[in-house]
Amino acid sequence: MDTLSNETLQEALDQFRRTGDSLGKCLASRGWTNERAALAALAEALGIQFVDLSAAEIDRTAATGIPSELIHKARVIPVSQTDGRLLLAMENPFDFQTVDHIRILTGKEVDRAIATESDMAAAMQTFFGFSVERMIEHLEIADQGHAADTVQIGHLREIASEPTVVNLVNLMIARAIRDRASDVHIEPFDKVLKVKYRIDGVLHDMPSPPKHLQDAIISRVKIMAEMNIAERYIPQDGHIELNFEGHEVDVRVATVPTIFGESVVMRLLDKTSFLYGIENLGFEEETLRRYRRLLRNPHGIVLVCGPTGSGKTTTLYASLTDIYTTERKFITIEDPVEYELEGVNQIPVRPKRGLTFANGLRAIVRQDPDVIMVGEIRDSETAEIAIRSALTGHLVLSSLHTNDAPESIARLLDMGVQPYLIASAVRGILGQRLVRKVCAACRQPEEPSEAQLIQIRRELGSDVKPVLYRGRGCSECNGTGYRGRTAILEVMTIDDGLRDLILQRASASAIRRYLGAGMQTMREAGWRNVAAGLTTPEEVLRATQMEEESGFEDATE
């Protein structure tokens, strides 16, 4: 798309006023995948400028007379001033109240301009705030030389309440949210305290705070999460509820003791973020058709499998949303409840109070449900109750930690579930992985290597003529070449032949041989995404490659 139709513009503006989403997100929902191109087209349609803040030279004197509080609250950046006119970059160019306020404060005429949300956040940090890096450079808390074992609890509380430490931890979390990180890792080593963000499934090193602030930073996080700062030798769990720029963010905190101190992981869950529809997860047309057919079963169990962090919970939520109707009762039991679904009764697991998946599921069955979602099957008791629930007229959705769909059968057998229960209750299994998408703002085509071409044609057929894409790195993707993730999926439907194999306790490899070429695997789905320019060969191999297939990597060197 190069121009913006009046119809698309009006639809995007209606969504913007109704939901409060950014203009970039509203245009993205109308088919514009490149936020910069979308906002540039919007600026042209409105007769104002688009400013690329990542490349623009910002005149710091242009902000003279404008309170920093107004700049942050209104999300505007004074870019330049010429002949009594001020160029003002804005996330919301329809905020005429702020325009009038700044015109009165500065005595200058204001020319509106549009900038992307990510560029605005980066410019705020660079020109009108403190970044984590700058703060670390100017830390002035002295090393008081306390050994970890001798620090008194009162002293820990004191240093953890220092304004500098409080601001540093707040900035670390704020930057993680802005960078779309799913997790923040704080890892103590002998001579350094490392901080890493997991962005699009991959860990990235961040600036390291001084080692002598280790106790203060970790204690500050534990205080925020209402954890016991006096206990440093057993694992602990806690959570923090934040309101960040209008977003409700739930932070799940977990600590474990290591030889150099406590290691902390903070899992960031944006409760107000957009919940994906099932058609936006990455399903190919035939795979989606087969999966939706499974969801339309009146009873039985449908499983979603994959390793930790493969998006199973997102798929389960999208599945519930897809089949939701007020004519049926929906109940979930989860650990934790990550997103709130309208019309669905959601129960959080609380093991310390005796509410586990197993006994919670027993109680759910007595609530006359039609559809039940069990966040995860972790043990034989939960598995058996879930399967028996599916056999008594309920549709049950749940997840398993396995590598692919065929291995889920072996996992249930290993848990001690009887083969006849599995064969009778399980309707189908969805396997999935997540791969990073090539950044739409900086992607460029490249010719596939000979080894890549051989691999793609082996998976997809000899007539395929792919054009690969790779991101060169830009401000949108923080120089990585990737932005966002998509799922690659496989669906295994349980037919009569598979039921016979299950009753014989067949291995995962025997099930794979039975399925043969009739089932499209996650690997094939990944290579189709490569051929479509959505991801790279390296991402598909990282997500799906087995050890015995490592020869392909050698061929690409």
Side-chain angles (χ1 to χ4, degrees), residues 1-3 24 28 31-41 52 54-55 116 118 180 199-204 280-288 310-311 404 431-490 517 519-557:
M1 295 184 184
D2 296 316
T3 59
W32 288 78
T33 56
N34 188 321
E35 184 182 10
R36 292 176 186 276
L39 292 180
D52 183 353
S54 65
T116 69
S118 57
R180 303 177 298 107
I199 302 172
D200 293 335
V202 177
L203 285 174
H204 298 266
N280 302 122
L281 296 180
F283 279 94
E284 294 188 271
E285 184 177 347
E286 175 61 18
T287 307
L288 179 57
S310 60
D404 59 18
Q432 69 178 70
R433 290 284 198 285
L434 294 177
V435 293
R436 291 183 293 173
K437 295 194 293 185
V438 176
C439 176
C442 65
R443 75 172 195 165
Q444 52 190 17
E446 69 172 23
E447 288 296 319
S449 68
E450 185 65 28
Q452 290 169 342
L453 197 57
I454 291 172
Q455 182 72 20
I456 292 172
R457 287 178 173 171
R458 181 189 304 156
E459 298 286 351
L460 305 182
S462 58
D463 57 339
V464 175
K465 297 179 180 179
V467 177
L468 308 190
Y469 283 86
R470 190 173 303 277
R472 64 179 182 274
C474 65
S475 60
E476 291 283 327
C477 59
N478 292 325
T480 64
Y482 298 98
R483 183 176 173 85
R485 289 188 288 177
T486 188
I488 52 176
L489 307 111
E490 64 183 19
M519 185 180 91
Q520 178 180 293
T521 64
M522 288 183 284
R523 167 68 69 84
E524 292 174 32
W527 285 109
R528 291 186 194 280
N529 277 327
V530 171
L534 294 177
T535 189
T536 62
E538 293 81 5
E539 276 298 291
V540 175
L541 292 175
R542 180 181 65 83
T544 66
Q545 187 164 9
M546 299 179 184
E547 291 181 4
E548 63 268 26
E549 298 170 334
S550 59
F552 175 68
E553 286 188 334
D554 297 335
T556 61
E557 292 179 356

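Residue numbers count from 1 along this sequence. Computed from a predicted structure; not experimentally measured.
Judged purely by distance below 3.5 Å, without hydrogens or angles, the side chains of Gln520 and Glu284 pair a donor atom with an acceptor atom.
Judged purely by atom type and a 3.5 angstrom limit, Gln432 uses its side chain to pair as donor or acceptor with the backbone of Gly311.
If you take CD on Glu459 and CZ on Arg457, they are separated by 14.0 Å, rounding to the nearest 0.5 Å. Note that CG of Asp404 and CE of Met519 are 7.0 Å apart. Values are rounded to the nearest 0.5 Å.
The minimum heavy-atom distance between Cys442 and Cys477, with the atom names listed, is SG-SG, 3.9 Å. When all heavy atoms of Val435 and Ala543 are compared, the pair lying nearest together is CG1-CB, 3.8 Å. The nearest pair of heavy atoms linking Pro448 to Leu453 is CG-CD1, 4.0 Å. Across every non-hydrogen atom of Leu468 and Pro537, the tightest pair is CD1-CG, 3.8 Å. Considering all non-hydrogen atoms of both residues, Arg523 and Thr544 come closest at NE-OG1, 2.8 Å. Taking each heavy atom of Glu524 and Leu460 in turn, the nearest pair found is O-CD2, 3.9 Å.
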- [ ] Please test Arg443 against Lys437 for side-chain contact (heavy atoms from CB on, under 4.5 Å), starting from the C-alpha separation and ending with a verdict.
- [x] CA-CA 10 Å; Arg443 75 172 195 165; Lys437 295 194 293 185; over 6 Å; no
- [ ] Please lay out, stage by stage, how Thr116 and Leu39 fare under the test side-chain contact (heavy atoms from CB on, under 4.5 Å).
- [x] CA-CA 7 Å; Thr116 69; Leu39 292 180; 3.9 Å; yes
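In this structure, Arg542 and Glu539 have side chains that are in contact, with non-hydrogen atoms separated by less than 4.5 Å. You'll find the side chain of Thr535 stays beyond 4.5 Å of the side chain of Ile488, heavy atoms only.
At most 12 heavy atoms of other shown residues, nucleotides or ligands fall within 6.0 angstrom of atom CD in Glu447.
Sorted by first and then second residue, the side-chain hydrogen bond (donor to acceptor under 3.5 Å, both in side chains) pairs with a member in residues 477-487 read Tyr482-Thr536; sequence neighbours excluded.
A salt bridge does not link Arg472 with Glu446: none of the charged nitrogens is closer than 4.0 Å to a carboxylate oxygen.
For Phe283, the ring pair (Phe, Tyr, Trp, His ring centres under 6.0 Å) partners two or more places apart in sequence, or in a different chain, are Tyr291.
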